[in-house]
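What follows is one structure encoded as structure tokens, with my remarks underneath.
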2 protein chains.
Amino acid sequence: MLNAIAADEIATHEINAHEAYNQSQDQRLPRTSPMQAESSFKVACSNCNLRELCLPIGLSTDEMSKLDGMVATRKKVKQGGHLFSSGDPFTTLYAIRTGFFKTCVVSEDGREQVTGFQMAGEIMGLDGIVSDKHNCNAIALEDAEVCVMPFNHVEDLSREIPMLQRHVHKIMSREIVRENGVMMLLANMRAEERLAAFLLNLLQRLHARGYSKSELILRMTREEIGSYLGMKLETVSRTFSKFSDEGIIEVKQKNIRILDHEKLQAIFNASTC
Amino acid sequence: MLNAIAADEIATHEINAHEAYNQSQDQRLPRTSPMQAESSFKVACSNCNLRELCLPIGLSTDEMSKLDGMVATRKKVKQGGHLFSSGDPFTTLYAIRTGFFKTCVVSEDGREQVTGFQMAGEIMGLDGIVSDKHNCNAIALEDAEVCVMPFNHVEDLSREIPMLQRHVHKIMSREIVRENGVMMLLANMRAEERLAAFLLNLLQRLHARGYSKSELILRMTREEIGSYLGMKLETVSRTFSKFSDEGIIEVKQKNIRILDHEKLQAIFNASTC
DNA sequence: CGGACTATTTGATATGCATCAAGAAGTCAT
DNA sequence: ATGACTTCTTGATGCATATCAAATAGTCCG
């Protein structure tokens with residue numbers, strides 16, 4: 001049933017991330033860590049507290065040390081900055097360490113279609129593999145840092161470490177399944193259902209990273225939400241207001257508090273029953 | 001610009017297929033070949049006249065003979081039959097040899113969202129990798145035959161043959177990019193633009209397989225088209241009629257003849273300018 | 001061939017969301 | 001803090017497509 005699809009596939013971006021993060025909630029995102037001079041520290045996946053999100057689990061220490069060669073370097077991107085742009089030559093994948101991104105395609109006249117929002121532990125750049133150049137823009141919605149993983153390193157290591165090979169395949173498959181879910185959302189759901197699905201998806205992904213299930217800060221504008229969900233910003237705003245009137249959520253600008261998770265879920269489920 | 005995206009990515013499903021097929025148009029699809037007892041012949045990619053669609057180009061004969069182990073067997077699917085269903089354990093990918101498929105997700109009450117249409121040379125089953133079970137149904141829209149490629153064979157061979165590894169990555173990336181295009185179509189375009197995009201996409205893929213650029217037979221119903229394009233079957237029908245009235249196409253049931261390719265392209269471009 | 005079914009077309013009407021518009025709230029830079 | 005800018009909210013109206021309905025065409029099978 002659609003519900004199952006949505007709960008598992010639309011909404012779930014990460015496997016095992018949940019468990020991993022329940023263990024160490026208070027050291028979760030070192031966004032405000034005093035150590036800012038990362039370049040002087042060794043860039044090592046083996047010490048990274050996001051490795052449960054990015055990497056396969058159960059690697060031997062030997063394999064793990066090989067993997068440390070995968071990330072060539074790190075890169076910071078300021079809010080509003082482009083990590084890569086459509087047409088850029090594709091050479092590397094990126095894993096988000098901190099921050100929040102959107103990926104989008106922009107037409108000549110400036111209209112944009114947001115194709116996804118990405119957060120810590122998620123991989124960007126997969127769209128570039130097919131034609132050796134990027135197919136979309138990746139723009140930071142807040143100051144961010146990413147791990148730069150040259151794609152031929154990834155491929156070389158994948159041939160040596162079958163578990164990594166499988167992991168890469170799963171990441172790509174997951175993106176395919178996610179987009180399947182978005183297609184369904186765009187083709188079949190009404191505005192309220194879309195927004196409910198969107199919020200539930202964000203909540204779940206954030207929860208897997210140790211954040212609250214009942215509160216979130218939107219990093220994107222109403223217009224960007226609308227673009228992603230195939231509706232106009234006014235409709236996004238109205239729908240937020242409607243949810244607010246009905247006591248389902250509390251909206252204070254970009255701060256959203258979930259007052260009635262069940263009802264939100266019910267609105268989303270409505271589309272499937 | 002959107003046009004470029006659409007022309008290259010929404011519309012293009014295959015690379016190099018075009019060139020390959022211009023060379024040997026008359027032996028293209030052996031659908032009506034007298035040799036029906038395939039099981040008695042060796043299943044070998046190296047002799048397959050679809051290999052330019054499925055496989056990387058430029059392999060050595062040594063690599064090519066290794067590859068012959070990739071396809072374990074072939075499988076026939078009758079019109080209306082399921083190649084696989086949502087929830088089935090995932091073990092293999094499938095390459096279409098002959099016939100035409102749709103992939104879709106179905107909700108409990110029977111409503112379906114078509115997520116794609118697949119034809120000869122295209123790969124199905126990628127959605128199953130992430131969770132080791134299939135995430136959608138693959139249903140034959142006409143009698144079909146597929147090559148069964150156990151996924152662990154594919155992974156084993158990928159580690160030995162870097163060009164195959166890259167090829168597998170490209171196929172998955174292409175699917176991601178295709179779905180990006182569909183998202184844009186669903187979120188931004190109006191009915192006429194969607195149908196124009198759909199027809200142009202089919203025409204291009206068929207042309208790459210040696211078929212006419214100005215004629216096609218729809219293997220799917222209006223309802224299936226509508227599901228894919230996020231519109232109701234009545235709207236699909238009306239839009240066909242409109243195109244017909246305007247002299248852009250000629251519609252005889254499932255037979256479509258393109259009378260004014262330029263105009264069709266212009267309708268599609270309209271969405272991007 | 002004939003009957004039952006499915007698929008398609010076309011018309012009339014309803015509706016959800018887009019569009020247009022204007023003001024309010026929030027943010028940023030000086 | 002002040003003004004300029006962006007983002008957001010809310011209202012009024014219009015339109016594209018959905019919905020409901022019925023007739024026609026095509027297909028399948030005994």
Side-chain angles (χ1 to χ4, degrees), chain A residues 78-80 102 109-114 139 141-143 185-199 217-246 249-256 267 270-271, chain B residues 78-81 102 109-114 139 141-143 185-198 217-246 249-256 267 270-271:
Chain A
K78 281 256 165 258
Q79 181 169 26
K102 68 172 176 183
D109 61 352
R111 274 184 313 137
E112 74 176 19
Q113 170 63 29
V114 172
I139 298 170
L141 296 179
E142 59 181 351
D143 290 358
L185 178 145
L186 290 171
N188 285 320
M189 297 190 192
R190 281 170 312 102
E192 288 179 44
E193 297 163 353
R194 292 181 199 194
L195 195 64
F198 171 74
L199 288 173
I217 299 174
L218 300 172
R219 301 296 175 181
M220 69 295 283
T221 65
R222 304 290 191 259
E223 188 169 16
E224 287 161 339
I225 297 172
S227 171
Y228 183 60
L229 298 178
M231 50 208 252
K232 294 293 147 184
L233 70 94
E234 294 94 329
T235 307
V236 174
S237 178
R238 275 184 240 275
T239 310
F240 271 130
S241 299
K242 183 154 190 287
F243 285 176
S244 181
D245 291 348
E246 290 169 350
I249 62 175
E250 193 180 293
V251 183
K252 280 207 186 103
Q253 285 297 115
K254 305 220 167 188
N255 300 290
I256 309 288
I267 288 169
S271 60
Chain B
K78 282 256 165 259
Q79 180 170 27
K102 68 172 176 181
D109 60 353
R111 274 185 311 135
E112 73 176 21
Q113 170 63 29
V114 172
I139 297 171
L141 296 180
E142 56 181 352
D143 290 359
L185 177 144
L186 290 171
N188 286 319
M189 297 189 193
R190 283 171 310 104
E192 289 179 43
E193 296 162 353
R194 292 180 198 193
L195 195 64
F198 171 75
I217 299 174
L218 300 171
R219 302 296 175 181
M220 70 293 285
T221 67
R222 304 291 192 257
E223 187 168 19
E224 286 161 339
I225 297 171
S227 172
Y228 183 61
L229 298 178
M231 49 209 254
K232 294 294 151 187
L233 70 93
E234 294 94 329
T235 307
V236 174
S237 177
R238 277 185 239 276
T239 309
F240 270 131
S241 299
K242 183 153 188 289
F243 285 176
S244 182
D245 291 348
E246 290 169 349
I249 61 175
E250 192 179 296
V251 182
K252 278 207 187 105
Q253 284 297 116
K254 307 222 166 188
N255 300 290
I256 309 288
I267 288 169
S271 61

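Proteins come first, then strands; the chains are lettered A, B, ... in the order of their sequence lines, and each starts at number 1. The figures here come from the full heavy-atom set of this structure, side chains too, leaving out hydrogens, waters and symmetry mates.
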Rounded distance (Å) that lies between atom C1' of dG11(C) and atom CZ of Arg238(B): 7 Å

Nearest-0.5 Å distance that lies between atom CG in Asn188(B) and atom OG in Ser227(A): 6.5 Å

Whole-Å gap separating P (dC28(C)) and NZ (Lys78(A)): 13 Å

Nearest-Å distance for atom pair CZ/P, residues Arg222(B) and dT10(C): 10 Å

Touch class at under 4.0 angstrom, heavy-atom based, for Gly230(A) against every strand present: sugar-phosphate

Phosphate OP1/OP2 of dT17(D) contacted by Thr235(B) side-chain N/O (<4.0 Å): no

Sugar-phosphate, base or nothing in reach of Lys242(B), heavy atoms under 4.0 Å: nothing

Which nucleotide in dC17(C), dT9(C), dT10(D) has an atom nearest any side-chain atom of Ser241(B): dT9(C)

Sugar-phosphate only, base, or nothing, as touched by Gln253(A) at under 4.0 Å among non-hydrogen atoms: sugar-phosphate

Glu224(B) CD to dT6(C) C1', straight-line distance once rounded to whole Å: 12 Å

Phosphate contact (dT8(C) OP1 or OP2) by Lys254(B) side-chain N/O below 4.0 Å: yes

Sugar-phosphate, base or nothing in reach of Thr221(B), heavy atoms under 4.0 Å: sugar-phosphate

side-chain N/O Ser237(B) vs dT8(C) OP1/OP2, d < 4.0 Å: no

Closest nucleotide among dC17(C), dT9(D), dA18(C) to the Arg190(A) side chain: dC17(C)

Residue that, paired with Glu224(A), satisfies salt bridge (Lys or Arg N to Asp or Glu O under 4.0 Å) out of Arg219(A), Lys102(A), Lys254(A): Lys102(A)

Distance in angstrom units between Ile267(A) CD1 and dG16(C) P, rounded: 15 Å

Between Gln79(B) and Asp143(B): side-chain donor-acceptor atoms closer than 3.5 Å: no

Nearest-Å distance for atom pair CG/P, residues Asp245(B) and dG11(C): 10 Å

Rounded interatomic separation in angstrom, taking CD1 from Ile249(A) and C1' from dT9(D): 14 Å

Nearest-Å distance for atom pair NZ/P, residues Lys232(A) and dC15(D): 17 Å

Nearest-0.5 Å distance, CG of residue Leu195(B) to CZ of residue Phe243(B): 5.0 Å

First encountered from the 5' end of DNA chain D, between Gln79(B) and Glu234(B): Glu234(B)

CG on Leu229(B) to OG1 on Thr239(B), rounded to 0.5 Å: 9.5 Å

